There are 2 protein chains.
Amino acid sequence: MSEQENIIEKVRKIFTDYLQHHDFRKTPERFMILEEIYNIDGHFDIDSLYTQMKDKKFRVSKATLYNTIELLMDCNLVTKHQFGQNHAQFERSYKFKQHDHFIDVVTGDVFEYCDPRIMEIQKSVEDMFDVDIAYHSLTFYGTKRRHKRKRINQNNN
Amino acid sequence: MSEQENIIEKVRKIFTDYLQHHDFRKTPERFMILEEIYNIDGHFDIDSLYTQMKDKKFRVSKATLYNTIELLMDCNLVTKHQFGQNHAQFERSYKFKQHDHFIDVVTGDVFEYCDPRIMEIQKSVEDMFDVDIAYHSLTFYGTKRRHKRKRINQNNN
DNA sequence: ATCTCTGCAAAGGATTTGCATTGCC
DNA sequence: GGCAATGCAAATCCTTTGCAGAGAT
């Protein structure tokens, strides 16, 4: 069994347990959507997910996509991002380690990184306001540096 | 002259210079909006700003509000936040020192704090991806702690 | 058999756009 | 006076809601 199949089996299990525990129905649509999402690398939005599933001849509606993603966020299998545009982006989150984002404001490219110092800040904020933090959103916005580097025996650029 | 008047004079100057430099017109609406925003403490959205100005009998349209706020973001006089809902929130930003937010997901309350360590992370990210970061967004989401504290000779709570 | 979940379509809310008019330069 | 900026309204985009029928329990 591939690592990917292994992950999908595990998230199906998590989702099943979650649905069971909340007395929600285990409909085939919900599992199709979960599996589809876990086969997407990187970020996606509702519309692209919808188109992608329609292309595969799945019978699915946007209402169900929104509804199901809500459930998946509830059981921490999907994360939502608002990068500043008016539409949300999502991302599978099981077994894909916590990370934050850098957005290139010119190209729209998304880069990921993980810096443990954010957890230290989180701890400070929890103490400062006497709160428990469930999650955070950290995004840097900027542009690629233009290199004006001078190199000796320069061959290109 | 009060500190507040002083700030408003300065941001008017910044905005004037910006408009001049870009060959944009210095319309009275733009300065009314700027001044209105700088008299708001904390966050606001387009709708509340619109209502507030209408209540004062200003003749203004939402189209102009959106347009003007775009300009104000361009010259760093206003900051935009997307706290997760589908509508943006804004905030004056001149002379109000850089800060980030904690959102109470139950009450919707917004708390502000400033942690210099975010700049260290920013520097790392700049080096890692070879980019220049113009701004960032850091928001923590969580809830107030419930106190089960035991105190000896407890008087209140 | 019951009642949640579904797809579809309509509604809703925030933001953008089109356009005739206003008024800054 | 020319043309950018305005107000208003319509259009658009994303998301939510209403509802009749399908299907999980």
Side-chain angles (χ1 to χ4, degrees), chain A residues 12 15-36 43-75 78 80-90 108, chain B residues 12 15-37 43-75 78 80-91 108:
Chain A
R12 285 182 68 103
F15 197 29
T16 304
D17 291 349
Y18 167 83
L19 294 173
Q20 195 119 52
H21 180 255
H22 289 265
D23 281 323
F24 296 149
R25 292 184 178 169
K26 302 176 198 67
T27 67
E29 289 82 359
R30 288 175 172 171
F31 288 99
M32 302 243 79
I33 293 167
L34 172 64
E35 195 152 333
E36 198 66 25
H43 305 86
F44 63 92
D45 58 23
I46 296 288
D47 206 65
S48 63
L49 179 60
Y50 179 74
T51 307
Q52 181 176 317
M53 294 187 75
K54 278 296 183 190
D55 284 351
K56 294 186 182 175
K57 308 300 175 203
F58 289 144
R59 190 165 185 276
V60 74
S61 69
K62 290 203 180 167
T64 302
L65 289 181
Y66 279 106
N67 171 45
T68 302
I69 284 200
E70 187 75 20
L71 300 177
L72 292 172
M73 287 194 290
D74 244 41
C75 53
V78 166
K80 180 179 185 174
H81 302 292
Q82 298 267 166
F83 287 140
Q85 303 73 29
N86 309 326
H87 74 287
Q89 303 215 60
F90 302 88
Chain B
R12 285 181 69 103
F15 197 29
T16 304
D17 290 350
Y18 168 84
L19 295 173
Q20 195 120 53
H21 177 72
H22 289 265
D23 281 321
F24 296 149
R25 293 183 177 170
K26 302 175 201 66
T27 67
E29 288 83 0
R30 289 176 172 171
F31 289 98
M32 300 243 81
I33 294 166
L34 172 64
E35 195 153 332
E36 197 66 26
I37 288 174
H43 305 86
F44 64 91
D45 58 22
I46 295 288
D47 206 64
S48 63
L49 179 59
Y50 179 74
T51 306
Q52 182 177 316
M53 294 187 76
K54 278 297 182 188
D55 285 352
K56 295 185 183 174
K57 309 299 176 204
F58 289 145
R59 190 165 184 275
V60 74
S61 68
K62 289 204 180 167
T64 302
L65 289 181
Y66 279 106
N67 171 45
T68 302
I69 283 200
E70 188 75 22
L71 300 177
L72 291 172
M73 287 192 290
D74 243 42
C75 52
V78 165
K80 179 179 184 174
H81 302 292
Q82 297 267 165
F83 287 141
Q85 303 74 27
N86 309 326
H87 76 286
Q89 304 214 60
F90 303 88
E91 193 177 17

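The model shown is predicted, which means the values in this text are computed figures rather than measured ones. The basis for the numbers below is simple: all heavy atoms, side chains too, and nothing from hydrogens, waters or symmetry mates.
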Practice problem: Show your working on side chain to side chain contact (heavy atoms under 4.5 Å, CB included) between B:H87 and B:D47 and close with a plain yes or no. | Solution: CA-CA 10 Å; B:H87 76 286; B:D47 206 64; over 6 Å; no
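The two residues B:D45 and B:F90 have their closest heavy-atom pair at CA-CD1, 4.5 Å.
Interatomic distance, CZ of A:F24 versus CG of A:L71, reported as 6.0 Å (0.5 Å rounding). Between the CG atom in B:L19 and the SG atom in B:C75 there is a gap of 7.0 Å [rounded to 0.5 Å]. To the nearest 0.5 Å, atoms OG1 (B:T68) and CG (B:L34) are separated by 9.5 Å. In this structure, the separation between CG on A:N67 and CD on A:E70 is 8.0 Å, given to the nearest 0.5 Å.
For the helix from C:dA1-D:dT25 to C:dC25-D:dG1, the terminal axes (five pairs an end, C1' atoms, rotation from four pairs onto the next four) enclose an angle of 30°, given to 10 degrees.
A heavy atom lying under 4.0 Å from DNA chain D marks the following residues of residues 59-72 of chain A, by number: A:A63, A:Y66. Of the residues in residues 20-29 of chain A, those with a non-hydrogen atom less than 4.0 angstrom from any atom of DNA chain C are A:F24, A:R25, A:T27, A:E29.
A:H22 NE2: more than 12 foreign heavy atoms inside a 6.0 Å radius.
Take B:R59 and apply the salt bridge (Lys or Arg N to Asp or Glu O under 4.0 Å) test, not counting sequence neighbours, and it matches no residue. With sequence neighbours left out, the side-chain hydrogen bond (donor to acceptor under 3.5 Å, both in side chains) criterion links A:T16 to no other residue. Qualifying salt bridge (Lys or Arg N to Asp or Glu O under 4.0 Å) partners for B:E35, counting only residues two or more places apart in sequence or in other chains: B:R12. Considering only residues two or more places apart in sequence or on other chains, B:T64 meets the side-chain hydrogen bond (donor to acceptor under 3.5 Å, both in side chains) condition with B:S61. Residues that satisfy the ring-ring contact (aromatic ring centres under 6.0 Å, His included) test with A:Y66, not counting sequence neighbours, are absent from this structure. Every residue two or more places apart in sequence or in another chain was checked for a ring-ring contact (aromatic ring centres under 6.0 Å, His included) with B:F58, and none qualifies. For B:K57, there are no side-chain contact (heavy atoms from CB on, under 4.5 Å) partners, not counting sequence neighbours.
Counting 5' to 3', DNA chain D first comes under 4.0 angstrom of a heavy atom of chain B and last does so at the ends given by D:dG2 to D:dT15. Running 5' to 3' along DNA chain C, contacts with non-hydrogen atoms of chain B at under 4.0 Å begin and end at C:dA14 to C:dC25.
Contact of the B:Q52 side chain with the B:F44 side chain is not registered, since no non-hydrogen atoms from C-beta on lie closer than 4.5 Å.
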